[in-house]
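Accompanying notes for the structure given below.
Every heavy atom of this structure was used, including side-chain atoms; hydrogens, water molecules and symmetry mates were not. Given the structure is predicted, the values throughout are model-derived calculations rather than measurements. All chains are named by letter (A, B, ...) in the order of the sequence lines, taking the proteins before the strands, and each is independently numbered beginning at 1.
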Number of protein chains: 4
Amino acid sequence: MANVGGVSGAQLRQFIERIERLEEEKKAIADDIKDVYAEAKANGFDPKIMRQVIKVRKMETQERQELEALLDVYLHALEGGDAAAAADDDATA
Amino acid sequence: MANVGGVSGAQLRQFIERIERLEEEKKAIADDIKDVYAEAKANGFDPKIMRQVIKVRKMETQERQELEALLDVYLHALEGGDAAAAADDDATA
Amino acid sequence: MANVGGVSGAQLRQFIERIERLEEEKKAIADDIKDVYAEAKANGFDPKIMRQVIKVRKMETQERQELEALLDVYLHALEGGDAAAAADDDATA
Amino acid sequence: MANVGGVSGAQLRQFIERIERLEEEKKAIADDIKDVYAEAKANGFDPKIMRQVIKVRKMETQERQELEALLDVYLHALEGGDAAAAADDDATA
DNA sequence: ACGCAACGCATCCGCC
DNA sequence: GGCGGATGCGTTGCGT
């Protein structure tokens, strides 16, 4: 009985297996990351500091993206030709 | 100054960038997983049940692995020739 | 000043001391466990094997619990009357 | 076969069960601690800060105990009646 | 906004 | 005494 209540069990199985496959890939990458840290450590770098560096760079990236997003909002408002929109944009920011 | 305190800044940069790249991939896969859950939900499947099913299947796999690990440790103990091997007689009954 | 910003310092003290007391008890039990391992080792048992046996038994218990949780979630889904119940047809095969 | 290689499996079983029992108790206490934090939070206290407070107090306790231990060493050295001992005590500290 | 769960980090213990 | 593995803690992200 692969079909109950009009819904395909086989289809569910496909979803489950796709997810399990993806999670395996995710784990594999996480392991790769651990390997890189280990290799770096073997070359005299401190993993703890490296993590800090990566965290900071990530934050900088996020800030930059947010600024770009904000810029886009402004530009689109101008494109729209509605002068008031630009004025409203970040009154709450 | 690409060399500070005897360590190569360029080498560090390589490690950092490899890790950042891998973390992007990891995030991409995590997003894919979310997408699959969303797609399954759109097809009438309950994500909560799916997560539980995946969790159970994962635990089954882990338990097999732990049993294999236990077997390994028994075998090594036998190699060592000491009394600890007695652990297999009824502890798991 | 036992009252700062509208919160009772005395009350906080009670919470802190309760927690500290509980943590002492927890540590005492952890020490007891170490003692048992030491005693077992003195009787010729391998602690490593013992830990693995305990881990396996624990996982067996957890798996039973997860299966029960899965059953619960199935039953609730059936109550809800929606198609998600189809998850039981072959996903675990 | 409760006896292999002259070692009692029943005895091992006793050790295993004692440990499992103790670990249950430990877990129960850990849960109690969580409950206290939750209760404190419900009364408007920040668990994160509470943890900091407890950590600091613990460190202070440890420092005090170390000082007392050091004092004991000095006192015992004096009791020993060996004048040189007191002078040696912490030359390497 | 809250609570839960997974991840990563720090600490500690046993082994070499 | 250093190293690797295991455990507990704290943080972050996800789902409700």
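Rounded to an integer number of Å, the gap from D/Ile49 CD1 to F/dC9 C1' is 17 Å. Summarising the geometry, the separation between CG on D/Asp46 and P on E/dG3 is reported as 13 Å, rounded to the nearest angstrom. Between the CE atom of C/Met50 and the P atom of E/dC13 there is a distance of 18 Å, rounded to whole Å. One interatomic measurement links the two molecules: CD of B/Gln52 to P of F/dG15, which rounds to 15 Å at whole-angstrom precision. The nearest whole Å value for the distance from the CD atom in C/Gln65 to the P atom in E/dA5 is 13 Å. The distance between atom NZ of D/Lys26 and atom C1' of F/dA6, rounded to the nearest whole Å, is 11 Å. One can place CG of B/Leu22 at 17 Å from P of E/dC7, the figure rounded to the nearest angstrom. Between the P atom of F/dG8 and the CD1 atom of C/Ile19 lies a distance of 18 Å, rounded to the nearest Å.
Mapping C/Glu23 and A/Lys58 onto DNA chain F by nearest heavy atom places C/Glu23 at the nucleotide closer to the 5' end.
Atom CG in B/Leu67 sits 11.5 Å away from atom NZ in C/Lys55 (nearest 0.5 Å). Put simply, CD on C/Glu66 and CZ on B/Arg57 are 15.0 Å apart, with the number rounded to the nearest 0.5 Å. Remark: C/Ile16 CD1 to D/Arg51 CZ distance equals 10.5 Å, nearest 0.5 Å.
Closest to the D/Lys41 side chain, of the nucleotides E/dG3, F/dC9, E/dC15, is E/dG3.
Criterion: ILVMFWY side-chain heavy atoms under 4.5 Å apart, direct or through other members. Under it, B/Ile54 and B/Met59 are not part of a common hydrophobic cluster.
Taking every heavy atom of both residues into account, C/Ile33 and D/Ile19 meet most closely at CG2-CG2, 4.3 Å. Closest of all the heavy-atom pairs between B/Ile29 and A/Leu22 is CG2-O, 3.3 Å. Contact detail for A/Lys26 and B/Lys26: the closest heavy-atom pair is CG-CG, 3.8 Å.
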N/O-N/O pairs, protein side and nucleotides 9-12 of chain E side, under 3.5 Å:
unit_1: E/dC9; atom_1: OP1; unit_2: A/Arg51; atom_2: NE; d: 2.6
unit_1: E/dC9; atom_1: OP1; unit_2: A/Arg51; atom_2: NH1; d: 2.8
unit_1: E/dC9; atom_1: OP2; unit_2: A/Arg51; atom_2: NE; d: 3.2
unit_1: E/dC9; atom_1: OP2; unit_2: A/Arg51; atom_2: NH1; d: 2.8
unit_1: E/dC9; atom_1: OP2; unit_2: A/Arg51; atom_2: NH2; d: 3.0
unit_1: E/dA10; atom_1: OP1; unit_2: A/Lys48; atom_2: NZ; d: 3.1

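Heavy atoms of C/Lys55 sit nowhere under 4.0 angstrom from any nucleic acid atom. No contact: D/Lys27 has no heavy atom under 4.0 Å from any strand.
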